[in-house]
Amino acid sequence: MKRIIYFLTCVALMAASCTKAQNASSDKVQNPKSDKMDTFTTKSGKTLQVNPIKHASMEIVFDGRIIQVDPVIKGAQPVTDYTKMAKADYILITHEHYDHLDAQAVADLKKEGTKIVTNANSANILGEGIVMRNFETLQLADDLVLYTVPAYNTTEGHTQFHPKGRDNGFILEADGLRVYIAGDTEDIDEMNEIKDIDVAFLPCNQPYTMTPQQLRHAADMVKPKVLFPYHFGNTAIDAMTKALEGTGIDVRIRSFQ
């Protein structure tokens with residue numbers, strides 16, 4: 001009898017330990033290394049899916065078309081093998097820094113007819129690409145429009161990283177669904193003019209982009225329905241989520257470290 005009681009006690013303790021571990025896990029912010037894909041529906045029922053890759057790199061699948069944003073192989077961890085991914089219909093590059101522009105990644109993703117859209121410096125490095133400057137519009141397809149917006153630093157001592165007028169942020173309008181990919185920027189005044197955003201990607205890592213407090217200010221200006229902090233490097237996830245408390249925005253943490 002004593003052996004049975006001892007056995008049952010051990011089982012109960014193990015179950016309690018497992019329950020405690022599960023509860024602790026469920027209290028945490030979503031794992032930033034998650035490869036979860038998020039799917040959104042456009043006004044006419046088409047789907048847009050976001051596949052986070054890392055840092056500032058992502059794959060967007062819209063109605064069967066592949067859009068790669070800032071693809072890099074080794075510019076950020078983990079090392080990415082783009083030869084194993086579907087070829088891109090569109091490749092969008094915000095600017096020429098090594099963690100956003102990778103000529104080999106572009107070559108691995110290209111197929112006949114791939115459109116590469118970028119800023120002037122990146123096009124010079126690649127030797128190809130459609131050059132867009134701030135505040136320009138490009139009709140990619142009947143149901144797909146690309147707008148460029150400014151992306152730059154404003155903090156004293158940081159403006160050399162991303163000078164005003166050089167780099168782009170993108171607004172991708174897919175069948176009415178508006179996706180804002182901010183690029184490397186701080187909480188610039190021009191964000192006040194960015195309206196009706198369904199999904200936003202805002203960076204958060206100083207000295208190159210925003211602090212959590214600047215991230216909050218940017219979120220308050222843009223007011224997206226869904227917000228993905230991205231390009232967040234060593235920024236503490238708790239600091240970002242805490243700064244975004246009370247916005248009423250659906251904040252999603254994915255593998256964009």
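All figures in this text were calculated on a predicted structure; none of them were measured in a lab. Note that the numbering runs from 1 along the sequence shown for the chain. The figures that follow rest on heavy atoms only: side chains count, while hydrogens, waters and symmetry mates do not.
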(Q) Show every salt bridge (Lys or Arg N to Asp or Glu O under 4.0 Å) that has at least one partner inside residues 149-169, sequence neighbours left out. (A) E96-R166, K164-E190
(Q) With rounding to the nearest 0.5 angstrom, report the CG to CD distance, L92 to Q68. (A) 9.5 Å
Q: Using the side-chain hydrogen bond (donor to acceptor under 3.5 Å, both in side chains) rule, pick out the option among N119, N134, T94, T118 that qualifies with N168.
A: N134
(Q) Counting C-beta onward and ignoring hydrogens, is there a side-chain heavy-atom pair between I249 and P224 closer than 4.5 Å? (A) yes
Q) Taking all atoms of both residues into account, what is the closest heavy-atom pair of A239 and P212, and its distance? A) O-CB, 3.7 Å
Q. Can you name the closest pair of heavy atoms from I188 and P150 and give their distance?
A. CD1-O, 3.4 Å
**Q.** Euclidean distance, L140 CG relative to I67 CD1, rounded to 0.5 Å
**A.** 7.5 Å
Q: Flag yes if more than 12 heavy atoms outside K43 fall under 6.0 Å of its NZ atom; otherwise flag no.
A: no
Q. Going through the distances and angles, do T185 and M191 end up as a side chain to side chain contact (heavy atoms under 4.5 Å, CB included)?
A. CA-CA 10 Å; T185 187; M191 287 182 179; 3.7 Å; yes
**Q.** Residues D108, K87: salt bridge by 4.0 Å N-O rule
**A.** no
Q: Tell me, with the steps shown, if M240 and F232 meet side chain to side chain contact (heavy atoms under 4.5 Å, CB included).
A: CA-CA 9 Å; M240 293 189 296; F232 55 82; 3.6 Å; yes
Q) Linking Ile, Leu, Val, Met, Phe, Trp and Tyr through side-chain heavy atoms less than 4.5 Å apart, which residues share a cluster with V79? A) I53, I73, Y82, M85, I91, I93, L101, V106, L109, I116, I125, L126
Q. Rounded to the nearest 0.5 Å, what separation is found between the OG atom of S122 and the NE2 atom of H100?
A. 10.0 Å
Q. When hydrophobic residues are tied together by side-chain contacts of less than 4.5 Å, even through go-betweens, does V72 share a cluster with F201?
A. no
Q: Have a look at H231 and tell me which of D70, D184, T209 forms a side-chain hydrogen bond (donor to acceptor under 3.5 Å, both in side chains) with it.
A: D184
Q: Please check if atom CG in D81 has more than 12 non-hydrogen atoms from other residues, nucleotides or ligands closer than 6.0 Å.
A: yes
Q | Atom pair CG/CD of N205 and Q257 - distance to nearest 0.5 Å | A | 10.0 Å
(Q) Quick test of your reading: applying side-chain hydrogen bond (donor to acceptor under 3.5 Å, both in side chains), list the pairs with at least one residue in residues 169-179, sequence neighbours left out, ordered by first then second residue. (A) T42-D175, S44-D175, E173-R178
Q) With a 4.5 Å heavy-atom cut-off, do D102 and P71 have their side chains touching? A) no
(Q) Quick check against the 3.5 Å criterion: does T148 have a side-chain atom that pairs as donor or acceptor with the backbone of M132? (A) no
Q) In chain order, what residues pass the salt bridge (Lys or Arg N to Asp or Glu O under 4.0 Å) check against D196, with sequence neighbours excluded? A) none
Q. Can Y147 be reached from F135 by stepping across I, L, V, M, F, W or Y side chains whose heavy atoms are under 4.5 Å apart?
A. no
Q: Check whether any side-chain heavy atom of Y152 lies under 4.5 Å from a side-chain heavy atom of T159, and answer yes or no.
A: no
Q | Linked hydrophobic residues, Y208 as query - side chain contacts closer than 4.5 Å | A | F161
Q) Is L138 linked to V131 within one hydrophobic cluster, defined over Ile, Leu, Val, Met, Phe, Trp and Tyr using a side-chain heavy-atom separation of less than 4.5 Å? A) no
Q. With sequence neighbours left out, what residues match T155 under side-chain hydrogen bond (donor to acceptor under 3.5 Å, both in side chains)?
A. E186
Q.
Please determine whether side chain to side chain contact (heavy atoms under 4.5 Å, CB included) holds for the pair F62 and K46, giving the CA-CA distance in whole Å, both sets of side-chain angles, and the decisive distance to 0.1 Å.
A. CA-CA 8 Å; F62 169 57; K46 297 176 182 180; 4.0 Å; yes
Q. When rounded to the nearest 0.5 angstrom, what is the spacing between CG in L172 and CD1 in I181?
A. 6.0 Å
Q | Residue pair T235 / C204: nearest heavy atoms and the distance that separates them | A | OG1-O, 2.6 Å
Q) Could you give all pairs that pass the salt bridge (Lys or Arg N to Asp or Glu O under 4.0 Å) test and reach residues 207-219, with sequence neighbours left out? A) R216-D220
Q) What's the verdict on side-chain hydrogen bond (donor to acceptor under 3.5 Å, both in side chains) for H158 and Q206, showing C-alpha distance, side-chain angles and the deciding distance? A) CA-CA 9 Å; H158 298 177; Q206 276 285 328; 3.0 Å; yes
(Q) Can you confirm whether I66 sits close enough to Y90 that some side-chain heavy atom of one is under 4.5 Å from a side-chain heavy atom of the other? (A) no
Q) Got a sec, which residues hit salt bridge (Lys or Arg N to Asp or Glu O under 4.0 Å) with K111, two or more places apart in sequence or on another chain? A) D89
Q: Give the intermediate values and the outcome of side chain to side chain contact (heavy atoms under 4.5 Å, CB included) for residues Y180 and V222.
A: CA-CA 9 Å; Y180 174 37; V222 177; 4.0 Å; yes
Q.
To check you understand the geometry: which heavy-atom pair defines the closest contact between D187 and Q214, and what is its length?
A. OD1-NE2, 3.1 Å
(Q) Could you check whether any side-chain heavy atom of V61 comes within less than 4.5 Å of a side-chain heavy atom of N51, counting everything from C-beta outward? (A) no
Q.
Rounded to the nearest 0.5 Å, what separates atom CD in Q77 from atom NZ in K54?
A. 7.0 Å
Q) Would you say Q49 and I60 make side-chain contact, with heavy atoms under 4.5 Å? A) no
Q: List the atom of R65, the atom of A141, and the distance in Å for their closest heavy-atom pair.
A: NH1-CB, 3.7 Å
Q: If a pair satisfies salt bridge (Lys or Arg N to Asp or Glu O under 4.0 Å) and one of its residues is in residues 239-251, list it, with sequence neighbours excluded.
A: D250-R252
Q. With a 4.5 Å heavy-atom cut-off, do P229 and I253 have their side chains touching?
A. yes
Q: With sequence neighbours excluded, tell me which residues meet salt bridge (Lys or Arg N to Asp or Glu O under 4.0 Å) with K110.
A: E128
Q) So if you build clusters from Ile, Leu, Val, Met, Phe, Trp, Tyr with side-chain heavy-atom gaps below 4.5 Å, do L48 and I197 land together? A) yes
Q. Are V149 and F170 side-chain neighbours, meaning at least one heavy-atom pair lies under 4.5 Å?
A. no
Q. Which residues satisfy the salt bridge (Lys or Arg N to Asp or Glu O under 4.0 Å) test with D198, sequence neighbours excluded?
A. K225
Q.
Once salt bridge (Lys or Arg N to Asp or Glu O under 4.0 Å) is applied, what residue pairs with a partner in residues 116-125 remain, sequence neighbours excluded?
A. none
**Q.** Nearest non-hydrogen partners of D99 and G75, listed with the distance
**A.** CB-O, 3.8 Å
(Q) Has T80 got a side-chain atom pairing as donor or acceptor with P78's backbone, closer than 3.5 angstrom? (A) yes
